[in-house]
Amino acid sequence: MRAVRWLAWMGTTAAGLVLLSQPVGTQNQLAMSLAAMAAMIGLWLFLDGPRTRFVFLAMGSLVVLRYILWRVTNTLPSPGDPVSFGFGLLLLLGELYCVFILFVSLIINADPLRRRPPLQQRAAELPTVDVFVPSYNEDASILAMTLAAARQMNYPPEKLTVWLLDDGGTDQKCADADRGKAEAAQGRRAELQALCAELGARYLTRERNLHAKAGNLNNGLAQASGDIVVVLDADHVPFRSFLRETVGYFAEDPRLFLVQTPHAFLNPDPVERNLRTFERMPSENEMFYAVTQRGLDKWNGSFFCGSAALLRRAALDEAGGFSGITITEDCETAFELHARGWTSAYVDKPLIAGLQPDTLADFIGQRSRWCQGMFQILLLKNPALKAGLKPIQKIAYLSSMTFWFFPVPRLAFMFAPLLHIFFDLKIFVASVDESIAYTATYIVINLMMQNYVYGKFRWPFVSELYEYIQGLYLSKAIASVILSPRKPTFNVTNKGASLDHDHLSPLALPFFAVYALLLAGCAVAGWRYLFEPGVTNLMLVVGLWNFFNLLTAGAALGVCAERRQPERMPSLPIDRRGVLSLGGRAVDVSVTRVSAEGCTLRLPGTLLAPGAGQRAMSGSLTVIPVDGARQAAPLPVILEGVVRDGDEAVCRLTFGALQAPDYVALAGLMYGDADAMQRFQLRRRRHKDILTGTLQFVWWGLVEPLRALRYALAGDARPVADETAAAPFPAYDAPEPAPVAAARPSLPLNLPARPVEPVRAGPVPAEAEGDWVRLMLEFENDRLLAAEGRRTGAR
């Protein structure tokens with residue numbers, strides 16, 4: 001039966017290719033493409049469904065194949081003009097690469113798998129789990145949150161061990177010849193040892209920093225003995241339900257080596273922050289985690305992404321631990337285990353919350369490491385030749401690795417029009433009618449297919465923007481790894497950078513240079529088309545192509561113009577209940593947003609008022625735990641600001657001087673409910689159609705260069721510090737409250753060498769308590785007067 005099915009598919013494919021190869025006139029080609037476009041729109045609007053999806057993509061693919069056949073056979077310059085032919089061939093190769101990536105992605109993502117939840121096991125049946133938190137140079141406060149949340153995961157405590165794998169306090173670093181570096185490493189080791197003792201985690205370091213993160217993880221394997229290993233980056237904080245929603249899959253499949261979950265982030269990347277899209281546009285990584293990883297999962301090809309994952313200890317032992325030949329130990333490890341016949345699973349639910357690089361420079365540095373690591377695997381362990389992988393798995397890994405070649409064709413498309421505009425090279429031989437019938441319809445249908453598959457997760461042209469931004473710098477990274485595949489070294493990505501003022505990125509100069517070149521190209525194309533004799537309409541077509549590139553470069557300038565970060569600490573919208581104690585009185589409250597530095601809460605307006613000029617008040621916040629969790633000690637808080645919102649009061653609180661045990665309560669508040677992160681992501685996943693997405697992109701391309709120019713002219717002058725204007729986090733769910741006192745700076749974690757009791761708020765002075773009562777009375781009077789005014793007006 002299977003053989004018959006394969007013969008049917010092969011016969012149908014052969015017939016389709018023969019049909020596609022038949023020559024047709026330009027007008028007929030245009031009519032065929034427009035008919036396919038109309039049919040696809042009809043399917044999309046009226047018959048959308050699983051089967052319709054395949055028909056839609058098949059129709060679009062036929063148009064793309066027809067374009068490629070025409071492009072290869074009819075548009076190359078004559079070999080008699082070697083310069084034009086050479087550049088034309090390079091442009092064609094770039095297009096063929098993009099079509100290859102398109103078709104592979106459609107194969108992988110045509111029918112993504114959505115797994116059902118795992119079966120829940122009894123506590124006695126659950127495997128033992130070791131949680132590895134590898135660290136290098138992260139602050140103790142970041143590690144305290146991750147360790148505290150990991151210790152509170154919903155899992156039998158006797159079967160859960162949390163390890164801090166510290167590569168910043170190794171014997172090698174503590175004995176550094178530089179006395180300052182040695183003392184810093186020794187201090188870090190002592191501080192983190194105390195932190196682990198406070199939080200019930202185990203501290204582990206090693207003699208030397210060998211093989212980077214892979215070596216650190218393997219050192220943990222040598223000391224741990226659990227059946228399952230969980231890997232969490234230092235800034236990837238797990239939600240309470242992380243293990244309960246993942247570990248059960250291992251009992252269902254004895255050959256399962258990996259359960260990977262998405263990487264979700266609390267803070268925007270440089271594109272999202274500088275273009276102000278974080279609250280309304282899906283993050284760049286969501287397309288990969290919400291579609292591509294699910295697509296790979298269908299073919300047993302989802303791979304380890306370095307964090308937020310569970311791995312079977314027996315599989316790691318069989319492979320000799322985490323692979324460390326390349327600098328992307330995660331994908332390399334999955335690659336080796338898939339080749340050994342092990343299987344993987346992907347759970348499409350955000351169960352951790354992490355941090356992204358804040359600055360463009362750190363963002364590019366992170367992507368350079370990913371790019372070089374994937375190319376290392378491609379060059380050193382070619383998936384096409386890897387024994388043990390199934391053909392579809394080879395395609396999946398080749399897709400993931402060759403994707404990182406995108407800087408080369410992206411830059412070729414960016415500069416190709418200039419060859420015709422400035423030097424009159426004809427690298428694409430076609431008339432205007434042919435360009436419309438073949439190229440324009442191909443571009444539109446390509447956009448339609450991508451918008452159909454990824455519309456909820458990627459706005460139109462945003463991929464082109466991300467690729468261009470990375471492409472200017474990743475081209476060098478690609479060249480270096482091709483020349484020396486074993487040379488790249490692991491570099492830790494910097495996160496939590498301070499962005500206290502608007503400024504241009506240090507990487508901005510090449511982006512300005514490219515923009516100026518493209519702007520000159522538009523001017524020359526316009527002048528030549530209008531005034532130069534003999535110039536055909538082809539110059540108009542090429543000029544429009546160059547103008548689109550100019551819009552992309554303009555939007556990229558907006559990304560280079562780094563905006564001030566309003567949040568000192570990233571926050572998460574939540575929905576939790578608690579009790580606020582101030583001045584000897586307790587009030588039930590609803591906590592709506594929280595960060596590591598403070599929170600926003602709501603309470604009945606009759607109990608608290610926004611008194612102008614009121615002083616800051618100390619107190620405590622007791623959070624009602626989620627089902628099954630233990631009641632944590634109260635958090636020390638300071639009331640910083642209050643506003644009225646209808647019949648409710650919205651309060652801004654900052655936390656007091658947090659000690660290690662306080663992070664237990666804070667982690668329970670912020671990471672007790674995994675649905676909070678999912679709600680935040682789903683709120684942004686609204687389908688953006690091609691028209692509105694294009695208009696948004698055009699707006700960025702026109703406006704953002706002006707902002708970048710303004711930053712350039714202003715220089716790097718830092719504004720005078722105004723602490724009262726800097727809020728711990730923006731109150732997205734309420735009007736901005738007027739601060740009542742100078743905002744407190746971020747408090748460092750100061751851990752003693754011995755256990756200490758958490759700092760609690762002391763007794764409130766009598767005058768503060770009187771202030772509390774007075775404010776309640778004032779608020780009630782205001783409410784009664786407002787109600788009386790409404791009744792009078794109604795009469």
Side-chain angles (χ1 to χ4, degrees), residues 131-153 155 157 160-169 184-205 232-240 242 352-355 496 568-570 572 578 594-599 618-623 625 629-638 653-672 728 744-762:
V131 180
F132 288 170
V133 182
S135 173
Y136 185 76
N137 59 0
E138 295 81 9
D139 290 340
S141 58
I142 292 177
L143 294 169
M145 184 74 85
T146 304
L147 296 174
R151 286 286 298 148
Q152 292 185 75
M153 287 191 291
Y155 208 74
L160 178 65
T161 306
V162 178
W163 299 78
L164 175 59
L165 309 181
D166 179 28
D167 246 12
Q186 294 166 9
R188 173 185 172 85
R189 179 188 285 192
E191 182 182 25
L192 296 186
Q193 285 175 333
L195 173 64
C196 290
E198 291 277 359
L199 297 178
R202 299 186 64 176
Y203 176 88
L204 181 65
T205 188
L232 297 171
D233 280 350
D235 59 297
H236 281 193
V237 186
F239 287 93
R240 175 173 165 77
F242 179 88
I352 64 98
L355 300 177
R568 289 196 297 261
M569 300 293 289
L572 177 68
V594 63
S595 76
E597 196 173 39
C599 63
S618 299
S620 64
L621 176 65
T622 302
V623 181
R630 296 180 181 179
Q631 179 65 62
L635 276 166
V637 296
I638 299 173
L653 306 178
T654 54
F655 300 128
L658 296 180
Q659 297 295 326
D662 294 313
Y663 281 91
V664 176
L666 181 54
L669 169 62
M670 193 167 181
Y671 300 100
R744 297 163 50 254
S746 178
L747 296 172
L749 182 66
N750 185 16
L751 293 170
R754 56 182 179 80
V756 297
E757 293 298 321
V759 176
R760 304 294 173 214

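No hydrogens, no waters, no symmetry mates; every other heavy atom, side chains included, goes into these values. Just so it is clear, the model here is predicted, and its values are computed rather than measured.
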Query - Heavy-atom closest pair, residues Pro570 and Leu355 - result: CG-CD2, 3.5 Å
Query raised in the report: Looking at Leu199, Leu232, Val131, which hits side-chain contact (heavy atoms from CB on, under 4.5 Å) with Val162?
Result: Val131
Query raised in the report: Less than 4.5 Å apart, any side-chain heavy atom of Pro661 and any of Glu198?
Result: yes
Query raised in the report: What distance separates Ile142 CD1 from Leu147 CG, expressed to the nearest 0.5 Å?
Result: 11.5 Å
Query raised in the report: Between atom CG of Leu658 and atom CE of Met145, what is the distance when rounded to the nearest 0.5 Å?
Result: 8.0 Å
Query raised in the report: In Å and rounded to the nearest 0.5 Å, what is the CG to CG distance from Leu164 to Leu195?
Result: 7.0 Å
Requested in this report: For Gln631 and Val623, indicate whether the former's side chain and the latter's backbone hold a donor-acceptor pair under 3.5 Å.
Outcome: yes
**Report entry** Euclidean distance, Leu635 CG relative to Tyr663 OH, rounded to 0.5 Å
**Finding:** 10.5 Å
Query raised in the report: Does a side-chain heavy-atom distance below 4.5 Å link Phe655 with Leu666?
Result: yes
Query raised in the report: Once you round to the nearest 0.5 Å, how far does OG of Ser620 lie from CD1 of Ile638?
Result: 12.0 Å
Query raised in the report: What closest approach, in Å, do Ala234 and Leu143 show between heavy atoms, and which atom pair accounts for it?
Result: CB-CD2, 3.5 Å
Query raised in the report: If you measure from the Lys or Arg side-chain nitrogens to the Asp or Glu carboxylate oxygens, is any gap between Asp166 and Arg188 under 4.0 Å?
Result: yes
Query raised in the report: What distance separates Met670 CE from Cys599 SG, expressed to the nearest 0.5 Å?
Result: 10.5 Å
Report task. Could you pull out the closest heavy-atom pair between Ala149 and Pro238, with the gap in Å? Result -> CB-O, 3.5 Å
Query raised in the report: Do Asp662 and Pro636 touch side chain to side chain, with heavy atoms closer than 4.5 Å?
Result: yes
Query raised in the report: Counting distance only, does the side-chain N/O of Gln152 pair as donor-acceptor with the main-chain N or O of Val664 below 3.5 Å?
Result: yes
Query raised in the report: Which is it for Arg151 and Thr161 under the side chain to side chain donor-acceptor pair (under 3.5 Å) test, yes or no, and what are the steps along the way?
Result: CA-CA 8 Å; Arg151 286 286 298 148; Thr161 306; over 6 Å; no
Query raised in the report: Distance-only, no hydrogens or angles: does the Arg189 side chain make a donor-acceptor pair with backbone N or O of Gly169 under 3.5 Å?
Result: yes
Query raised in the report: Hey, mind stepping through Thr654 and Val637 against side chain to side chain contact (heavy atoms under 4.5 Å, CB included) and telling me if it holds?
Result: CA-CA 6 Å; Thr654 54; Val637 296; over 6 Å; no
Requested in this report: May I have the step-by-step check of side chain to side chain contact (heavy atoms under 4.5 Å, CB included) for Tyr671 and Thr146, ending in yes or no?
Outcome: CA-CA 10 Å; Tyr671 300 100; Thr146 304; over 6 Å; no
Report summary line: Residues Arg240 and Gly672: closest non-hydrogen pair is CB-O, 3.7 Å
Query raised in the report: Step by step, would you call Phe239 with Met153 a side chain to side chain contact (heavy atoms under 4.5 Å, CB included)?
Result: CA-CA 7 Å; Phe239 287 93; Met153 287 191 291; over 6 Å; no
